[in-house]
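So the structure is just underneath, and the comments pick up after that.
One is the number of the first residue; the rest follow in order along the sequence. Atoms within a ligand are numbered from 1 in the order they appear, just like the ligands themselves.
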Amino acid sequence: MRLIVAAACAALFLVPASAAGAATTKGGGEHVVAPEGGSLDLVGVSFGQHLRQLQLSLRSDQAITPQLLSDTGGGRICAVLSQSSRAPRSICVVRRDGDWQIRSRGKRVAGKVTQPRTRELSLSFEAGDAGLKTGAANWYVESQAAGCTDVQPSQAKITWSGAAIVSASAVSNACQHRVPRIGSYSGRVWQAKVTGCQRRGAAQVSRGPSGKRIALTYDDGPSPYTPGFLRELDKLGVPATFFMIGQQVPGNAALVRRVLSSGSMIGNHSWNHADLGRGGPGASSQLRSTNAAIKSATGFTPCLFRPPYGSTGANLVSRSRAQGMTSVLWSADPLDWRTPGTGSIVSTVVSQTRGGGIILSHDGGGIRSQTLAAMPQIVKRLKARGYRFVTLTDLLGYSEKISLVK
Ligand code: ZN
């Protein structure tokens, strides 16, 4: 009888909840099931996405206590997500070392767990951190109360053999619950596509706020070297900011999109690398056409401008600001364009970098193999000093404009 009720509930929730109105939030409507009783019974679950964060909300019909989710006692609530041909992935919340933790495949996942009410838990985390890809995902949630010693699923199967629906009902007992009780819900991990960023504060900067965050910047691309820079950044797990020359963008649209999708940032470096230091309407036109080329390739409009040669002035700065961009100079310059040798590039950057530092280098405009070879050493040595690499927009505290797309 209970199974018929569960099926009716599932049918009811085939209609997607459309409460989330903002373009930057998808899904998140709650699926509700009838209580089964027992420990850590779940009666409501939801899975949605806000900006880059996946959000999983769990509701029990009793208090969710740290004891019930004690990791050492075997307690956990896990969302199990299946994506196309990949093995299903469990993303679990447990209580461990005095904290709620999100864990997957034996490792802690960066993210946040909150308990808005005693019967609820909310998890938010980024898809990539949890090993999930953009795309459709079938999901269900299962719970196991710590230290609970009720009948096990294997025994349940034996006890109830003969009934046609045995395998579906067998997973439910006083210690273990599953939502939906049978089958799974369909959901999606959306691609968080960045469409812009919002500048604020000073209209020209040469460093970020002091602290342990720093930014790598690469100028004069996109170039044949840029893919190698992206591969190396990906290996190192750090982002960078690429200041691009507008006239090089149209022939490299896919590469420019890859810069953004890999988590790095794009800035404007003029249309043809002219000296714009005196400003004037020609400078505005250089900035405008470059932003138009970047937007046409990616859907993204930059909020950062780097004046070619570092040649700048009040008129240029106000023109870049009028187009929503901050003019960005630098605080560390290894003169890599002179190809002084990989060792020299590394040691200059390391010695000139302080908290909030903006590191100038080049991925275009010449042979950049020394700059590329220097990158992993720079990252390793500065990480060892406690620095964390972020995009320039992150460093400056700018917010991103994000839309979620299939
Ligand atoms: Zn340049």
The Zn ion (ligand 1) - closest N/O/S atom in His269: NE2
May I ask you to check whether Asp220 brings an N, O or S atom to under 2.8 Å from the Zn ion (ligand 1)? yes
State whether His273 contributes an N/O/S atom found under 2.8 Å from the Zn ion (ligand 1). yes
Can you confirm whether or not the ring centre of Phe229 sits under 6.0 Å from the ring centre of Tyr218? yes
Quick check on the 6.0 Å ring-centre criterion: do His31 and Trp139 meet it? yes
Centroid-to-centroid, His269 to Phe305, below 6.0 Å? no
Going by the side-chain hydrogen bond (donor to acceptor under 3.5 Å, both in side chains) test, name the single residue among Thr217, Thr326, Asp220 that passes it with Arg306. Thr217
